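Ligands are counted one by one from 1 in listed order, and the atoms in each one are counted from 1 as well. What you are looking at is a predicted structure, and each value in this text was computed from that prediction instead of being measured.
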Amino acid sequence: MSKNDEQNSLKLYLQETKKINPIGIFDSGIGGLTVAQAVKELLPHEQIIYFGDTAHLPYGEKSRVALQAYSIKAVDFLLKHNCKIILFACNSASSAAFELIKEYTATRAKVIDVIQPVVNYVTTNFEGKNIGLIGTRQTINSNAYLQKINKENKNITLSSLATPLLASMIEEGFFNNTISQSVISEYLSDKSLQKIEGLILGCTHYPLIKKEIDLFFQKTFKNKVDVIDGSFIVAEEVRIFLEKTSLLNPYSVQEDIFYVSDLTKSFEETTKIFFKKTVKLELYKLWE
Ligand code: DGL
């Protein structure tokens, strides 16, 4: 065998082994399971290694520097599992640490965030329109969506509103009831959101209240507001990348593993809200 042939067969071997490597998914807690669910539905053959930094949530109230430090630790953990792709399933972490993590990870794994794919969707479908964005304080104050949307020059006006109560409300199981309806109505009646034609759900917890938000707009506004749930948009981005790079796993799946940095019974019970079934959580302490 010539040296060239040897190198080519080694390359092929490495590519083949990489196919069975897992997809790493990272969030501040269990909200990112909505994205994991979408990935699972679209890519049932892929193994997921999920890491939720429950010891440090809520990320929405943390500083940029703290989120960067947590993200590096989480990504190191996922890289140790040989993840072929790492998905930031958290808007707060994406807005604070994605650029840094992309540089940090370099060629070791592809990193995808939840913001850019949604920005691509919005700039393709909402040219010249007014759209709204709701999310945690960190996501809104970072202006990450605004900067990325403006970069595309599509004459889109973005009205952003921090809705910090929503994530904990959902985690406590308050949705599809009168409490969630009044909190949603209070937030979405904000003057800044009166003329929007689309609303980005800028937090991975929010797909769970999408129906209630749809209903609120149907009742309140005459004009139609498209409520944009990024979970399938992001999952599709992952699928396209794996297909393009020939990294789709063609074999039968290994079991998904779900780690958290702080483990309580209530976290475990809450997983079924986000993932449609209860999952067994494993403890991995980020700082040990
Ligand atoms: N799931 C996180 C996000 O997408 C928010 C929850 C938190 O504040 O930790 O922003």
Using heavy atoms and a threshold below 4.0 Å, how should the contact between Thr204 and ligand 1 be classified: side chain, backbone, both, or neither?
both

Using non-hydrogen atoms of the residue, decide whether Cys203 is closer than 4.0 angstrom to ligand 1.
yes

Does the side chain of Tyr145 reach to within under 4.5 Å of the side chain of Ser95, using non-hydrogen atoms?
no

Under 3.5 Å, is there a donor-acceptor pair between the Asn91 and Ser94 side chains?
no

Would Ser28 count as being in polar contact with ligand 1, using the rule that some N or O on each side must be under 3.5 angstrom apart?
yes

Distance-only side-chain donor-acceptor flag, Asn4 / Ser2, under 3.5 Å:
no

of all protein heavy atoms, closest to atom 10 (O) of ligand 1 is Ser92 OG, 2.7 Å

Do Glu46 and Lys84 meet the salt-bridge criterion of a basic N to acidic O distance under 4.0 Å?
yes

Specify the protein heavy atom at minimum distance from atom 7 (C) of ligand 1: its residue, its atom name, and the distance to 0.1 Å.
Tyr59 N, 3.4 Å

Would you check if the side chain of Ser92 reaches a backbone N or O of Gln138 as a donor-acceptor pair within less than 3.5 Å?
no

Flag, side chain of Glu268 to backbone of Thr264, donor-acceptor distance under 3.5 Å:
no

If you scan protein heavy atoms around atom 2 (C) of ligand 1, the nearest is Cys90 SG, 3.6 Å

Provide the number and element of each atom of ligand 1 under 4.0 Å from a heavy atom of Thr136.
5 (C), 8 (O), 10 (O)

Which ligand 1 atoms are under 4.0 Å away from a heavy-atom of Asn91?
3 (C), 4 (O), 10 (O)

Applying a heavy-atom cut-off of 4.0 Å, say which part of Val114 lies close to ligand 1: side chain, backbone, both or neither.
neither

If I compare all heavy atoms of Thr204 with all of Thr34, which pair ends up nearest, and what's the gap?
O-OG1, 2.6 Å

Mind checking whether Pro58 has a heavy atom under 4.0 Å from ligand 1?
yes

Under a 3.5 Å distance rule, please check whether Lys129 uses its side chain to pair with a backbone N or O of Gly198 as donor and acceptor.
no

Return yes or no for this condition: an N or O of Gly60 is under 3.5 Å from an N or O of ligand 1.
yes

